Amino acid sequence: AIYDCEPDAGLGNGGLGRLAACYLDGLATQGYVAKGYSILYEYGIFKQKLVDGWQTELPDFWLPGGDVWLVPHEESAIAINFEGEVVDTWENQYHHVEIANPTTIQAVPYDMHVAGKDGKGVSVLRLWSAKAPGLDMALFNQGDYMRAMERNAMAEVISKVLYPADNHPEGKSLRLRQQYFLVSASIQDIVAHHLREFGTMDNFADKVAIHVNDTHPTMAIPELMRILLDECGYGWDEAWNIVTKTMAYTNHTVMKEALECWPEDLFRSLLPRIHQIVKEIDNRYRAHIWEQTHDAGKVEAMAVISGGVVRMANLCVATCHSVNGVSALHSQILKDTVFNDYYKLTPDKFKNVTNGIAQRRWLCQANPELTSYITELIGDGFIYNGDELAKLRKFADDKKVLKKIGQIKYNNKKAFADYVKKTTGIELDPDSIFDVQVKRLHEYKRQLLNVMHIIHLYLNLKDNPNMEMRPHTFLFGAKAAPGYAVAKRIIRLINSMANQINNDPICKDKLQVFFLENYRVSMAEVLMPASEVSQQISTAGKEASGTGNMKFMMNGALTVGTLDGANVEMHEVLGDDNMFLFGLKTEEVIEMRNAGYNPYRLYSRDPALHRVLDQISNGFNDGVRYDDIVERLLFGKNCTPDEYMLLADFASYCAAERRMTETYNDRNTWNRMSLMNIARSGIFAADRSIADYAERIWNVPYKK
């Protein structure tokens with residue numbers, strides 16, 4: 001009961017944040033000396049409240065209760081400078097750079113200690129809280145009261161809210177401030193620690209590995225350059241050598257909006273010295289590319305600054321000694337498309353490290369009954385080494401074991417149904433198939449395709465109320481970014497559909513649909529063990545890896561999915577017999593798009609699809625129409641028609657769901673497939689991912 005009172009830590013958004021948490025566990029358990037850095041947000045991403053089916057964002061007050069795990073170190077506060085004017089001076093052939101009249105704020109560190117298994121190692125997550133350095137009395141006494149107060153207010157807001165909406169200038173400015181605040185404090189902290197121990201930066205790259213986790217901390221690159229140039233007295237070439245040997249970069253997505261670009265004017269005004277350094281990197285890199293290719297088009301495409309914007313992904317790839325994707329397919333796509341020009345010049349720089357999850361949290365902690373039974377069957381070695389789960393394969397034809405696996409799943413389903421009843425009042429049928437899609441709401445993840453199939457089922461049931469049908473419960477959980485209007489509209493559609501289906505007598509004991517409000521980690525820990533079907537249905541080539549797919553797999557859920565992200569590697573170890581694949585492959589998506597994909601033609605030719613889209617357009621009993629969504633699919637509305645190929649994959653998806661329900665009726669076969677998923681999930685342990693990073697990228701000796 002006490003554990004349940006503790007709020008989820010408001011530290012991240014979606015799978016990337018949860019991945020980082022798993023990696024801290026893996027680092028600590030395996031004995032690597034590591035520190036993570038982030039911002040101590042006063043409010044987490046947001047609490048999702050559904051009001052008339054619409055997502056409403058409420059503040060996530062997590063620190064009352066969450067702060068008991070934080071250890072403040074106010075004595076180690078670091079000054080961060082914004083704005084001001086760059087002043088260059090020369091003295092005895094030494095170049096000095098100072099920032100005149102900066103806006104200075106304090107970054108106060110709070111440490112969260114993440115213990116590994118049995119406390120053998122501890123990772124530190126250092127979180128920075130922004131504080132005003134005190135009221136500027138000089139400004140105040142000059143009568144400039146507003147400016148004096150504004151500086152204080154600006155400092156406080158930096159660590160106020162995780163991921164402010166950036167669809168307006170103020171939001172963009174705040175997010176850029178947040179990013180520099182994080183990297184400046186963190187890099188200064190890393191450098192100070194190194195100098196205390198070694199007294200020189202000459203050996204920095206030999207002793208320290210800094211990993212840029214997606215593009216948000218990219219300014220760590222010019223910030224380390226700034227410290228080496230302006231505070232340590234290195235020349236450009238010496239400093240650049242240290243930086244490039246120290247920094248590595250993981251790309252987590254091929255989506256355009258995640259390959260960050262910042263308006264150069266904003267960048268220059270907020271961070272004048274950092275802009276100077278990035279501009280110099282750009283100039284030198286342009287010269288290097290021209291020297292290598294003599295191709296002006298390539299120079300412009302690969303440039304760090306172009307067209308009035310600073311391109312953060314380009315800065316990472318131009319600088320870092322290692323660039324990796326997070327699944328085999330994703331890493332190949334980076335080489336073939338997104339970073340193809342760079343790959344051709346520096347192929348050895350590009351690597352793959354498939355994501356992983358902490359089995360100690362997502363199996364041992366989340367699913368104690370299954371963990372106990374696995375231990376009874378094969379011992380407890382899998383707790384430390386996920387590969388040990390493979391020993392379960394010898395029980396694949398043991399009917400007693402398979403029956404027990406099915407019983408544990410049913411017990412977890414009842415536990416989740418009790419949790420939902422207690423927290424929402426909704427009653428779930430534990431005798432139905434628990435068919436689950438929980439992840440961030442984005443068009444490429446195709447929650448809408450799932451909706452289309454459910455409507456297809458519903459319309460068939462309306463046609464034939466007495467049809468034989470295995471009871472089926474569809475569960476959704478997702479938050480949409482506050483500024484992502486289409487995603488929020490899809491949430492409204494899911495709830496419109498669910499309301500009609502759940503109140504239609506025809507569907508009683510046959511079909512249920514529920515949208516789980518405010519999906520979060522603590523809910524996932526109850527849901528994952530109870531889930532039987534894992535929906536991993538993104539458009540092939542769009543999902544970098546996924547980690548929810550791994551958590552479902554490790555808990556014995558079967559995947560209905562495309563060959564996208566880490567589903568490809570799942571398929572390699574599971575084969576066709578232990579998952580339900582459908583849809584176009586990555587190359588087929590590209591070919592169909594290049595050939596002139598026409599979704600309206602599919603709509604015209606497929607009566608089932610036609611009927612489903614007409615139902616969406618007309619809406620449901622609440623009177624809300626969704627013709628805008630259908631128009632977006634058929635004709636495009638300020639976008640490519642059916643950009644994520646839902647109509648192209650609809651028939652194949654429906655067929656996969658039919659295969660799944662037919663298989664479900666054979667309980668022995670289903671339980672065997674479930675056991676095989678658990679047995680082959682060890683490859684996706686975070687410990688394996690961390691070992692890959694340590695050996696192949698960080699050059700850190702194995703510590704265990």
Side-chain angles (χ1 to χ4, degrees), residues 433-439 441-461 469-470 472-476 478 490 493-494 497-498 501 511 513 531-543 546 548-549 552 557-565 567-568 570-571 574 576 578-589 591-593 597-603 605-616 629-630 632-634 641-664 673:
I433 304 172
F434 276 16
D435 195 330
V436 181
Q437 187 176 19
V438 287
K439 53 184 75 243
L441 201 304
H442 198 296
E443 289 170 277
Y444 85 84
K445 295 179 184 285
R446 301 204 294 190
Q447 284 91 348
L448 185 54
L449 180 59
N450 194 348
V451 168
M452 289 164 59
H453 168 252
I454 295 169
I455 294 172
H456 174 61
L457 275 184
Y458 175 57
L459 293 175
N460 287 345
L461 193 56
M469 179 178 174
R470 184 86 193 194
H472 207 142
T473 297
F474 291 92
L475 298 170
F476 291 88
I490 292 171
L493 167 60
I494 294 170
M497 174 188 67
I501 288 174
L511 186 60
V513 183
S531 300
E532 293 174 294
V533 180
S534 165
Q535 294 283 341
Q536 307 298 331
I537 59 177
S538 54
T539 313
K542 295 297 183 183
E543 184 71 83
N549 48 0
F552 282 113
L558 306 189
T559 300
V560 174
T562 52
L563 278 173
D564 194 28
N567 289 0
V568 174
M570 287 169 60
H571 180 246
L574 290 172
D576 292 337
N578 293 297
M579 61 193 303
F580 303 97
L581 290 177
F582 76 94
L584 299 169
K585 298 180 177 67
T586 302
E587 59 274 14
E588 293 170 337
V589 169
E591 287 170 10
M592 183 174 283
R593 186 66 74 189
Y597 173 56
N598 186 342
Y600 188 82
R601 189 178 300 147
L602 289 172
Y603 168 74
R605 293 175 177 176
D606 185 338
L609 178 60
H610 196 296
R611 196 175 177 205
V612 165
L613 292 184
D614 287 353
Q615 179 68 64
I616 293 173
I629 290 177
V630 174
R632 190 176 178 87
L633 290 173
L634 295 180
D642 191 19
E643 183 174 359
Y644 300 108
M645 317 293 277
L646 283 75
L647 276 61
D649 278 348
F650 174 73
S652 178
Y653 178 50
C654 291
E657 280 281 308
R658 283 194 299 274
R659 293 199 309 275
M660 181 273 293
T661 54
E662 289 165 4
T663 305
Y664 190 88
M673 294 171 70

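Small disclaimer: the values here were computed from a predicted structure and weren't measured.
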Exercise. Is there a side chain to side chain contact (heavy atoms under 4.5 Å, CB included) between Ile537 and Gln447 once you walk through the steps?
Worked result: CA-CA 8 Å; Ile537 59 177; Gln447 284 91 348; over 6 Å; no
For this session: Check the pair Met570, Asn549 against side chain to side chain contact (heavy atoms under 4.5 Å, CB included), reporting the backbone distance first and the verdict last.
Result: CA-CA 9 Å; Met570 287 169 60; Asn549 48 0; 3.9 Å; yes
Exercise. If you look at every heavy atom in Leu461 and Leu511, which pair is closest and at what distance?
Worked result: CD2-CB, 4.5 Å
Problem set entry | Side-chain heavy-atom pair His472, Thr661 within 4.5 angstrom cut-off | yes
For this session: Using modelled atom types only, decide if a donor and an acceptor are shared between the side chain of Asp642 and the backbone of Leu647 within a distance under 3.5 Å.
Result: yes
Problem set entry | Within-4.5 Å side-chain heavy-atom neighbours: Gln535 and Tyr653 | yes
Exercise. Judged by atom type as modelled, is there a donor-acceptor pair below 3.5 Å linking the side chain of Ser652 to the main-chain atoms of Gly583?
Worked result: yes
For this session: For Asp564 and Gly541, indicate whether the former's side chain and the latter's backbone hold a donor-acceptor pair under 3.5 Å.
Result: yes
Problem set entry | Sub-4.5 Å side-chain heavy-atom contact between His456 and Phe650 | yes
Exercise. What distance separates Asp435 CG from Ser531 OG, expressed to the nearest 0.5 Å?
Worked result: 9.0 Å
For this session: State, yes or no, whether a side-chain contact exists between Thr473 and Ile433 at a heavy-atom distance under 4.5 Å.
Result: no
Problem set entry | Residue pairs involving residues 654-663 (criterion salt bridge (Lys or Arg N to Asp or Glu O under 4.0 Å); sequence neighbours excluded) | none
For this session: Would you please test Met497 and Val513 for side chain to side chain contact (heavy atoms under 4.5 Å, CB included) and show each step?
Result: CA-CA 8 Å; Met497 174 188 67; Val513 183; 3.9 Å; yes
Exercise. What residue pairs, at least two apart or across chains, pass salt bridge (Lys or Arg N to Asp or Glu O under 4.0 Å) with a residue in residues 441-461?
Worked result: Glu443-Arg632, Lys445-Glu543, Arg446-Asp649
Problem set entry | N/O donor-acceptor pair under 3.5 Å between Tyr597 side chain and Ala648 backbone | yes
Problem set entry | Heavy-atom pair with the smallest gap, counting every atom of Phe476 and Val438 | C-CG1, 4.2 Å
Exercise. With no hydrogens and no angle check, is any side-chain donor or acceptor of Gln615 less than 3.5 Å from a backbone partner on Val612?
Worked result: no
For this session: Taking the side chain as every heavy atom from C-beta outward, state whether Val533 and Met660 have any pair of such atoms under 4.5 Å apart.
Result: yes
Exercise. Do the non-hydrogen side-chain atoms of Tyr600 and Leu633 ever get within less than 4.5 Å of each other?
Worked result: no
Problem set entry | Minimum heavy-atom distance between Leu581 and Ala656, given as atom pair plus value | O-CB, 4.2 Å
Problem set entry | Parallel, tilted or perpendicular: ring planes of Tyr644 versus His442, cut at 30 and 60 degrees | perpendicular
For this session: Go through Leu493 and Ile616 one step at a time and tell me if the side chain to side chain contact (heavy atoms under 4.5 Å, CB included) criterion holds.
Result: CA-CA 8 Å; Leu493 167 60; Ile616 293 173; 4.2 Å; yes
Seminar exercise, completed: Taking every heavy atom of Ile454 against every heavy atom of Ile501, the minimum-distance pair comes out as CG2-CD1, 3.8 Å
Exercise. Thr562 side chain to Ser538 main-chain N or O, any donor-acceptor pair under 3.5 Å?
Worked result: yes
Problem set entry | Heavy-atom side-chain contact between Phe474 and Val436 under 4.5 Å | no
Problem set entry | Heavy-atom closest pair, residues Ala540 and Leu563 | CB-O, 3.9 Å
For this session: Kindly say whether Gly561 contributes a backbone atom to a donor-acceptor pair with the side chain of Gln536 at under 3.5 angstrom?
Result: no
Problem set entry | Between NE2 on residue His610 and OH on residue Tyr603, distance to nearest 0.5 Å | 3.5 Å
For this session: Please tell me if the side chains of Phe580 and Met673 come closer than 4.5 Å, counting only heavy atoms from C-beta onward.
Result: yes
